[in-house]
Amino acid sequence: MKKLFISFLILFFSVGIYAQQLSYRFANPRIIRLSAVDHLQFDVQVKCNVAGTYLWAAQIKLNFNNTTFNNTASTWSISPQGVFSGLNTNTDVPTAKYAVNKSITGSAPNKVYNIALTGDVNVAGNGPNADDFGEISTDWTTIILVSARLLSPITGDNLAAIDFLESGMNGFQQYISGPSEYTLYTNPNIFDSRNFTNAYTGRFYSTSKGWSQIGGGTNNVQYNNWATSVSTTVWEDASITQTDVTAGLVNNLTIGNGSATNPVLTIPANKWLTVSGTLTSPDAASLVIESGGSLKHITDNVPATIKRVVTGSTDLSDMLYHFVSVPLTAAAIPVTGLFVGSYLFDFVESTNN
């Protein structure tokens with residue numbers, strides 16, 4: 001009796017450690033012109049907490065703003081990527097490793113775009129292997145590339161409002177565990193906090209794609225024009241790149257989009273940015289204006305870091321003086337050490353002395 005009890009505990013513990021659970025996230029967004037129409041293009045990435053599982057079937061469901069994107073499923077392009085693309089070893093007629101089925105369901109304003117990836121039954125008898133199926137690694141890997149067609153007229157000021165429909169994605173992810181044997185991944189899936197719920201579709205920045213914007217005239221060629229004011233989303237750490245001492249124009253600007261680590265938008269020296277609409281910055285570290293950079297905007301109480309280099313000299317006869325002031329908000333006045341090492345004259349405004 002004692003021996004059986006110990007065996008049971010070991011088996012239960014092993015199952016707990018090796019439960020195969022998936023995580024999903026969005027990555028690498030950009031605006032790109034395809035078939036003469038602008039699209040928001042992005043990767044859906046996945047990883048597993050355990051190595052060695054080969055995907056059999058996945059069901060990806062996306063809530064989306066149907067006033068921003070076309071409502072016809074066929075106008076969106078969905079393509080498997082990397083190890084999930086290519087042909088299998090079907091000796092009769094080699095076919096794609098995964099069939100892609102797509103449809104749109106639900107009601108406005110948040111319709112659902114349904115994407116199903118399914119392995120080829122003709123090679124299922126071969127069991128899990130890299131020639132016929134894609135292995136979901138323990139690192140983030142792109143499973144599909146989504147090109148969501150923007151709905152005309154395209155102004156660039158609309159919100160994408162794209163996010164995973166999490167409830168619809170739990171219970172449908174399977175891996176092939178043996179010849180013609182399929183096993184469910186452990187539910188629920190884990191979803192990264194970043195999404196496109198509050199993302200504008202006029203201009204995007206992501207590390208892998210750089211700046212991209214609506215309005216390009218050439219298919220498959222990325223475009224950006226700072227002289228055009230469009231609403232802009234900063235997905236990852238970015239820096240303004242327009243010509244020196246000319247204003248880069250933005251309508252609404254969102255820095256970050258609910259990410260666990262907020263990205264940083266930097267305005268370098270000699271770069272100017274004018275935001276005519278709403279400016280959203282999650283914290284002071286997310287918006288940095290370097291010394292010599294310029295930002296104009298109309299939104300109240302935007303947290304930011306403003307850097308200014310004040311030149312000086314140890315020789316007082318050089319007369320290198322500047323007007324300086326402590327911050328105007330009383331609670332923010334750093335009274336300790338602000339002007340240590342500086343030689344100051346006191347100016348009394350009421351008497352002009």
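The figures that follow rest on heavy atoms only: side chains count, while hydrogens, waters and symmetry mates do not.
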Do [X] and [Y] touch side chain to side chain, with heavy atoms closer than 4.5 Å?
{"X": "V230", "Y": "T155", "result": "no"}
{"X": "K111", "Y": "I104", "result": "yes"}
{"X": "K61", "Y": "V112", "result": "yes"}
{"X": "L287", "Y": "L279", "result": "yes"}
{"X": "T311", "Y": "H322", "result": "yes"}
{"X": "R30", "Y": "Q222", "result": "yes"}
{"X": "V264", "Y": "E236", "result": "no"}
{"X": "L150", "Y": "T68", "result": "yes"}

Are a donor atom and an acceptor atom from the side chains of [X] and [Y] found within less than 3.5 Å of each other?
{"X": "Q20", "Y": "T186", "answer": "no"}
{"X": "N129", "Y": "D132", "answer": "yes"}
{"X": "S147", "Y": "S77", "answer": "no"}
{"X": "T142", "Y": "Q45", "answer": "yes"}
{"X": "S137", "Y": "D139", "answer": "no"}
{"X": "S208", "Y": "N28", "answer": "yes"}
{"X": "N353", "Y": "T351", "answer": "yes"}

Counting distance only, does the side-chain N/O of [X] pair as donor-acceptor with the main-chain N or O of [Y] below 3.5 Å?
{"X": "E290", "Y": "K307", "value": "no"}
{"X": "N90", "Y": "N122", "value": "no"}
{"X": "N114", "Y": "S103", "value": "yes"}
{"X": "Q41", "Y": "V146", "value": "no"}
{"X": "T305", "Y": "A284", "value": "yes"}
{"X": "D318", "Y": "L320", "value": "no"}
{"X": "T232", "Y": "L253", "value": "no"}
{"X": "D157", "Y": "G202", "value": "no"}
{"X": "T233", "Y": "Y200", "value": "yes"}
{"X": "N49", "Y": "Q21", "value": "yes"}

Practice task
Test N66 against F64 for side-chain contact (heavy atoms from CB on, under 4.5 Å), laying out the working first.
Solution key: CA-CA 6 Å; N66 68 293; F64 74 97; 3.9 Å; yes
Practice task
For side chain to side chain donor-acceptor pair (under 3.5 Å), just list the numbers for N88 and T95, CA-CA rounded to whole Å, side-chain angles, deciding distance to a tenth of an Å, and then say yes or no.
Solution key: CA-CA 6 Å; N88 58 32; T95 56; 3.2 Å; yes
Practice task
For the pair W76 and Y113, evaluate ring-ring contact (aromatic ring centres under 6.0 Å, His included) and give the outcome as yes or no after the intermediate values.
Solution key: CA-CA 9 Å; W76 292 39; Y113 199 98; 4.2 Å; yes
Problem - Nearest heavy atoms of S177 and T183, plus distance in Å - result: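 The pair with the smallest heavy-atom distance is OG-OG1, 2.7 Å.
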Handout entry: Cationic tip of R203 above W226 ring, under 6.0 Å, 45° of axis
Key =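 Cation-pi check for R203 and W226: passes.
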Practice task
Verify side-chain contact (heavy atoms from CB on, under 4.5 Å) between K47 and T138, making sure each step is shown before the conclusion.
Solution key: CA-CA 5 Å; K47 67 178 179 179; T138 55; 6.0 Å; no
Exercise for the section: Take Q213 and Y205 through the test side chain to side chain donor-acceptor pair (under 3.5 Å) and record every step on the way to the result. Expected result: CA-CA 9 Å; Q213 177 184 322; Y205 182 87; over 6 Å; no
Practice task
Give me the ring orientation class for F204 and F196: parallel if the planes are under 30° apart, tilted from 30 to 60°, perpendicular past 60°.
Solution key: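 Geometry flag for F196 against F204: perpendicular rings.
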Handout entry: Worked check of side chain to side chain donor-acceptor pair (under 3.5 Å) between S313 and D315
Key = CA-CA 5 Å; S313 173; D315 185 349; 5.6 Å; no
Practice task
Give the intermediate values and the outcome of side-chain contact (heavy atoms from CB on, under 4.5 Å) for residues I60 and M169.
Solution key: CA-CA 6 Å; I60 299 167; M169 291 176 60; 4.2 Å; yes
Exercise for the section: Tell me, with the steps shown, if Q81 and S79 meet side chain to side chain donor-acceptor pair (under 3.5 Å). Expected result: CA-CA 6 Å; Q81 299 293 297; S79 57; 3.0 Å; yes
Exercise for the section: Please assess F42 against W235 for the test ring-ring contact (aromatic ring centres under 6.0 Å, His included), listing each intermediate value before the final yes or no. Expected result: CA-CA 11 Å; F42 56 90; W235 182 259; 8.9 Å; no
Problem - Residues K271, D244: salt bridge by 4.0 Å N-O rule - result: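 Yes, K271 and D244 are salt-bridged.
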Exercise for the section: Report the residue from T53, I136, V50, L55 that forms a side chain to side chain contact (heavy atoms under 4.5 Å, CB included) with Y175. Expected result: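 Between Y175 and the candidates, side chain to side chain contact (heavy atoms under 4.5 Å, CB included) is satisfied uniquely by T53.
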